[in-house]
2 protein chains.
Amino acid sequence: MDLLDKDGLTESEFLKQYKAGDYERPSVTTDMVIFTVTEDEADSYRKLPEKELRVLLIRRGAHPFLSKWALPGGFVRPNETTEQAAVRELCEETGVEDVYLEQLYTFSDIGRDPRTWVISCSYMALINSDKLELKAGDDAADAAWFKVSYRPLREQKELIVDGYIKTLEYELKLSSEEEELSAVVARTMTAKTTSTGTDYEIVSNDGLAFDHAKIIACAIDRLRGKVNYTDIALHLMPKLFTLTELQQVYEVIMDKELLKAAFRRKVADLVVETDHYTENAGHRPSRLYRRNLEG
Amino acid sequence: MDLLDKDGLTESEFLKQYKAGDYERPSVTTDMVIFTVTEDEADSYRKLPEKELRVLLIRRGAHPFLSKWALPGGFVRPNETTEQAAVRELCEETGVEDVYLEQLYTFSDIGRDPRTWVISCSYMALINSDKLELKAGDDAADAAWFKVSYRPLREQKELIVDGYIKTLEYELKLSSEEEELSAVVARTMTAKTTSTGTDYEIVSNDGLAFDHAKIIACAIDRLRGKVNYTDIALHLMPKLFTLTELQQVYEVIMDKELLKAAFRRKVADLVVETDHYTENAGHRPSRLYRRNLEG
DNA sequence: AAAATAGTGTCTCTGAGACAATATGAT
DNA sequence: ATCATATTGTCTCAGAGACACTATTTT
């Protein structure tokens, strides 16, 4: 096809002479919300340990937000996609490849990075506890897994002309062995007869860098939403697991207790039973399952 | 807080002396998938007209992809968010403000724009047929609303080590009064014991610019997904509408016929009845409803 | 009366919630 | 025998699917 444009150029001629304009361009980064599930120390070895949802944060060693905790991430380089950048970051920080990865949201608020114009394309990754052990081999001394708590704090509904504004505030608490961070994030839904929109805002923030409280909140909301109608939670499980362990993972994600019988019916199609059982648990052994790839 | 970094600078000192590096940065654009629903000409005035899902495209007047059809969009400018850029583009192209807007996905494949490195943050907008009339006032002579058809074409499942690859091909057909475009887009799901990923690919493409077939496919998938568990479809309705009209909109989005009784039960909480009725329809009048803001 | 659509009734089946009962290995 | 968890059974209730019936206006 040799269509000519208004300057009489073919497409290949046009591309040859094309020069990128000198208007300002943003930096583009990826920020990764990397989740895993760990077990706390059990009170007694006969009792089951409780599961904890954890997210990886890195202490900043430079301005801005020096010594605050930030999501792992970095600049997207030429000749790589945002997803490739995310995979690269993930591998650098955790030494783990081949995990569940999902694009979350692209954040572009002006001033979100005090240095310069930075747009961040965020990703969520889920790592199972098998792989987590590999992580010991990374060099970032100032990386830590923070236990996640994300609970509704306040709900508010304000009527406006032709609609309403609903604000849901969540308290985000992140705790590692040494440190406790917290933030309050508000999800605002504006509903008018014509339009509707949802927006995250940081109400308060203690210890997190940039707008990362927002990004983490966004990731948890996504994870909670998807847990109920996909097999996403199975990516947090090791190769073999018991149904009770799986239920604990669902519970720690949803922050809500579930009924055993109903849960087992619900996940029945997501798993396949094996012939293996737990051993020496101090009580009746439990059948081990694996993920069913026939989702 | 006056923490000093390794150069002995405070945060504000650091920011004052900060100079953006001279590494390469991408251009960032927004692309808008703007949907609306229109009615075709009815065969007889006594029969109800059928609904059509339509998307706005603009014929390119310059290289690259000269004379192909593209989604409305443009560069994100400094001091605006991607969302603000989307609102601006939407208003420029359709003269419409205050509509449903949702971020879709950020596309960053290398080479997606043959000119230079361009990352696109895509948005979906839903416009109701009331507002559509305003659109006559826009200047883009080469803009047109294309009727959308998006149907499964082929399904393929390939077993690999530790998992499988499932490919779902869809045929995307876009037709305006004068022109018919078509493309085949494949959604590939790779499931392995550890990871899972979904990816869009353009298999064939006749008449669409850039990777816009992918973006449109992504938008339709999102719209179809959300129709069933949100009130998103109501943003395509005028202020007052009949339940049959609403059902037709659901049907044209899902490309599937629904049962009347079940449909009415399902949307009962999404709408509020009014005291108005249709008139002079050639048959029994129908009660008019409006959107229920108590989602 | 016929055409065309509007609106309602009801039977069945499935799936979630709730709770109870039984099973099994470790101590 | 007791502890602690594993696993299954079943009753109920709510919602979706399927189909049929009645209602109302215009021609």
Side-chain angles (χ1 to χ4, degrees), chain A residues 39-51 224 227-231 233 237 240-252 254 256-290, chain B residues 39-51 224 227-231 233 237 240-252 254 256-290:
Chain A
E39 301 188 339
D40 76 347
E41 308 295 312
D43 300 343
S44 145
Y45 82 101
R46 294 193 66 184
K47 292 203 180 172
L48 285 178
E50 290 206 349
K51 303 276 184 191
R224 285 188 180 168
V227 151
N228 289 306
Y229 67 98
T230 70
D231 66 347
M237 306 306 294
L240 294 177
F241 51 86
T242 69
L243 291 184
T244 301
E245 286 174 327
L246 183 59
Q247 180 171 350
Q248 288 177 323
V249 169
Y250 272 71
E251 288 175 340
V252 79
M254 300 300 293
K256 184 183 153 193
E257 300 212 337
L258 302 174
L259 291 167
K260 193 155 36 175
F263 177 79
R264 279 161 187 251
R265 268 175 295 174
K266 187 166 134 156
V267 300
D269 291 338
L270 305 180
V271 298
V272 181
E273 63 177 37
T274 69
D275 294 332
H276 300 98
Y277 288 83
T278 54
E279 282 170 11
N280 289 321
H283 47 78
R284 173 173 171 179
S286 180
R287 186 188 279 277
L288 292 170
Y289 290 76
R290 59 181 176 78
Chain B
E39 302 188 338
D40 76 346
E41 308 295 312
D43 301 343
S44 146
Y45 81 101
R46 293 194 67 184
K47 292 202 180 170
L48 285 179
E50 290 205 349
K51 303 277 185 189
R224 285 188 179 167
V227 151
N228 289 306
Y229 67 97
T230 70
D231 66 348
M237 306 305 294
L240 295 177
F241 52 86
T242 68
L243 291 183
T244 302
E245 286 174 327
L246 183 60
Q247 181 172 349
Q248 287 178 322
V249 168
Y250 272 71
E251 288 175 341
V252 80
M254 300 299 292
K256 185 181 151 194
E257 299 212 337
L258 302 174
L259 291 167
K260 189 157 46 171
F263 177 78
R264 280 163 185 250
R265 266 177 295 175
K266 188 166 132 155
V267 300
D269 290 340
L270 306 180
V271 298
V272 181
E273 63 178 36
T274 69
D275 294 330
H276 301 98
Y277 289 83
T278 55
E279 283 170 11
N280 289 322
H283 48 78
R284 173 173 172 179
S286 180
R287 187 188 279 275
L288 292 169
Y289 290 76
R290 59 180 175 79

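By convention in this document, chain letters (A, B, ...) are assigned in the order of the sequence lines, proteins followed by strands, and residues within each chain are numbered from 1.
- The shortest side-chain heavy-atom distance between Q248(A) and L48(A) falls under the 4.5 Å cut-off.
- Computed from coordinates, the N228(B) CG to dG15(D) P distance equals 17 Å when rounded to whole Å.
- Spacing between atom CG of N280(A) and atom P of dT24(C) amounts to 18 Å, rounded to whole angstrom units.
- Among the candidates N228(B), L258(B), L259(B), the single residue satisfying the side chain to side chain contact (heavy atoms under 4.5 Å, CB included) test with K266(B) is N228(B).
- Residue contacts for T244(A): at a heavy-atom cut-off of 4.0 Å it reaches the sugar-phosphate backbone alone, with no base atom in range.
- Counting distance only, with no hydrogens placed and no angle test, the side-chain atoms of R284(A) and the base atoms of dA23(C) include a donor-acceptor pair under 3.5 Å.
- Distance R287(A) CZ to dT5(D) P: 20 Å, rounded to the nearest Å.
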For this session: Evaluate the criterion salt bridge (charged side-chain N to carboxylate O under 4.0 Å, His left out) for residue pair E251(B) and K256(B); output intermediate values, then yes/no.
Result: CA-CA 5 Å; E251(B) 288 175 341; K256(B) 185 181 151 194; over 6 Å; no

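- Remark: C1' of dA18(C) and NZ of K260(A) are 14 Å apart, rounded to the nearest angstrom.
- As judged by a 4.0 angstrom heavy-atom cut-off over every strand, A261(A) is placed among the base-contacting residues.
- R265(B) comes within 4.0 angstrom of a base, heavy atoms only.
- Each of dA6(C), dA6(D), dT25(D) was ranked by its minimum atom distance to the side chain of R264(B); first place goes to dA6(C).
- For F263(A) and Y250(A), the ring centers sit closer than 6.0 Å to each other.
- Residue side chain K266(A) does not reach the base of dG15(C) through any donor-acceptor N/O pair under 3.5 Å, judged by distance alone.
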